[in-house]
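The basis for the numbers below is simple: all heavy atoms, side chains too, and nothing from hydrogens, waters or symmetry mates.
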Amino acid sequence: MKKTYYLILVILVFVFIGCGGKEIKPSADSVLTKEVRSKIDAIRTAYQDKDKAAMESHTDSILADRISKGLFFTNAELSFTLKKVSINSSTVTVSLSWQGTWIVKGDNIKKQGISVFVFEGIPMKLVNINWDNPFQTPLAREQ
């Protein structure tokens, strides 16, 4: 009985020693997906803060200009839920749903939608938004 106990103990020690030192390296797709998530968060923050310079650093110049022209809200809060990330050689597309609340001319406006963000380049930038654009400020109702 004692021999069996010691044998099990020795085996457990070897298992713990053998498994403890190896670090699992993330795949290239995993790293890219993490970068895209970070970019989306940075763009969301830049939009909410009306930070045009930060917006331009994370998006294509034409798209950044289009978004910057619509920063006429008093306050905006957006949240994103990523649904799917697709990686094709030089393009990353992200399907997501979003919810937003804007204060425009004293009106509290809520919207939600589904979008596909298209990222390209090195460093990666948002180049296109398909379907519903969460960075398009809704208009206040007419008085």
Side-chain angles (χ1 to χ4, degrees), residues 4-143:
T4 306
Y5 175 73
Y6 286 118
L7 181 61
I8 292 173
L9 184 62
V10 169
I11 291 172
L12 287 175
V13 168
F14 282 122
V15 168
F16 286 117
I17 291 173
C19 294
K22 295 184 181 181
E23 184 177 329
I24 298 173
K25 193 171 187 178
S27 70
D29 288 353
S30 174
V31 171
L32 199 54
T33 300
K34 190 173 183 177
E35 181 183 351
V36 166
R37 286 177 180 263
S38 175
K39 287 283 183 181
I40 291 171
D41 190 48
I43 295 166
R44 179 189 58 79
T45 301
Y47 176 77
Q48 292 175 170
D49 294 344
K50 299 182 182 181
D51 186 345
K52 293 178 184 180
M55 183 73 66
E56 290 171 357
S57 71
H58 299 294
T59 61
D60 174 73
S61 60
I62 295 170
L63 184 58
D65 187 50
R66 219 178 326 148
I67 293 170
S68 294
K69 287 180 181 176
L71 297 177
F72 53 83
F73 55 83
T74 305
N75 188 31
E77 300 229 357
L78 291 172
S79 64
F80 298 108
T81 303
L82 275 62
K83 302 293 184 184
K84 181 180 177 183
V85 178
S86 300
I87 302 170
N88 297 331
S89 60
S90 64
T91 303
V92 178
T93 57
V94 180
S95 302
L96 53 84
S97 62
W98 57 268
Q99 294 183 336
T101 304
W102 292 261
I103 297 177
V104 180
K105 295 183 180 178
D107 285 340
N108 190 357
I109 304 167
K110 293 183 182 229
K111 284 186 78 176
Q112 61 185 7
I114 297 172
S115 300
V116 176
F117 288 3
V118 181
F119 291 87
E120 291 180 349
I122 299 174
M124 194 177 314
K125 289 190 173 198
L126 179 63
V127 296
N128 198 9
I129 300 172
N130 297 319
W131 297 359
D132 303 318
N133 185 348
F135 304 115
Q136 185 173 13
T137 304
L139 299 175
R141 70 189 146 111
E142 297 299 319
Q143 300 294 332

Visitor: What are the two closest heavy atoms between Phe135 and Arg44, and how far apart are they?
Guide: CE2-CA, 4.1 Å
Visitor: Provide the closest heavy-atom pair for Lys125 versus Ser57 in the form atom of the first, atom of the second, distance.
Guide: CE-O, 3.6 Å
Visitor: Look up atom CG in Asn133 and atom CZ in Phe117, then write down how far apart they are to the nearest 0.5 Å.
Guide: 7.0 Å
Visitor: Indicate the atoms forming the closest heavy-atom contact of Met55 with Ala46, along with that distance.
Guide: N-CB, 3.7 Å
Visitor: Are more than 12 heavy atoms from other residues, nucleotides or ligands located less than 6.0 Å from atom NZ of Lys34?
Guide: no
Visitor: Got a list of side-chain donor-acceptor pairs under 3.5 Å for residues 79-103, not counting sequence neighbours?
Guide:
| residue | atom | partner | partner atom | Å |
| --- | --- | --- | --- | --- |
| Thr91 | OG1 | Glu120 | OE2 | 3.3 |
| Trp98 | NE1 | Ser115 | OG | 3.0 |
| Gln99 | NE2 | Gln112 | OE1 | 3.4 |
| Trp102 | NE1 | Tyr47 | OH | 3.0 |

Visitor: Any chance you could measure His58, atom NE2, to Leu126, atom CG, to the nearest 0.5 Å?
Guide: 11.0 Å
Visitor: Rounded to the nearest 0.5 Å, how far does NZ of Lys39 lie from CE of Met124?
Guide: 7.5 Å
Visitor: For Phe72, is the NZ or CZ atom of Lys105 found under 6.0 angstrom from the centre of its six-membered ring and inside 45 degrees of the ring axis?
Guide: no
Visitor: Restricting to non-hydrogen atoms, name the atom on Pro138 and the atom on Lys111 that form the minimum distance, rounded to 0.1 Å.
Guide: CB-CD, 3.7 Å
Visitor: What is the distance from atom OG1 of Thr74 to atom NZ of Lys50, rounded to the nearest 0.5 Å?
Guide: 6.0 Å
Visitor: Do the side chain of Asp107 and the main chain of Ile109 share a donor and acceptor less than 3.5 angstrom apart?
Guide: no
Visitor: With Leu63 as reference, evaluate Val118, Ile43, Asn128, Ile129 under the side chain to side chain contact (heavy atoms under 4.5 Å, CB included) test and give the passing residue.
Guide: Ile129
Visitor: Look up atom OG1 in Thr59 and atom NZ in Lys52, then write down how far apart they are to the nearest 0.5 Å.
Guide: 12.5 Å
Visitor: How long is the gap from OG on Ser61 to CZ on Arg66, to the nearest 0.5 Å?
Guide: 10.5 Å
Visitor: Heavy atoms, side chains only, cut-off 4.5 Å: are Glu35 and Leu32 in contact?
Guide: yes
Visitor: Count the heavy atoms belonging to other residues, nucleotides or ligands that lie under 6.0 Å from CD of Gln136, then report whether that count exceeds 12.
Guide: no
Visitor: Does a salt bridge link Lys69 with Asp65, judged by any charged N lying under 4.0 Å from a carboxylate O?
Guide: yes
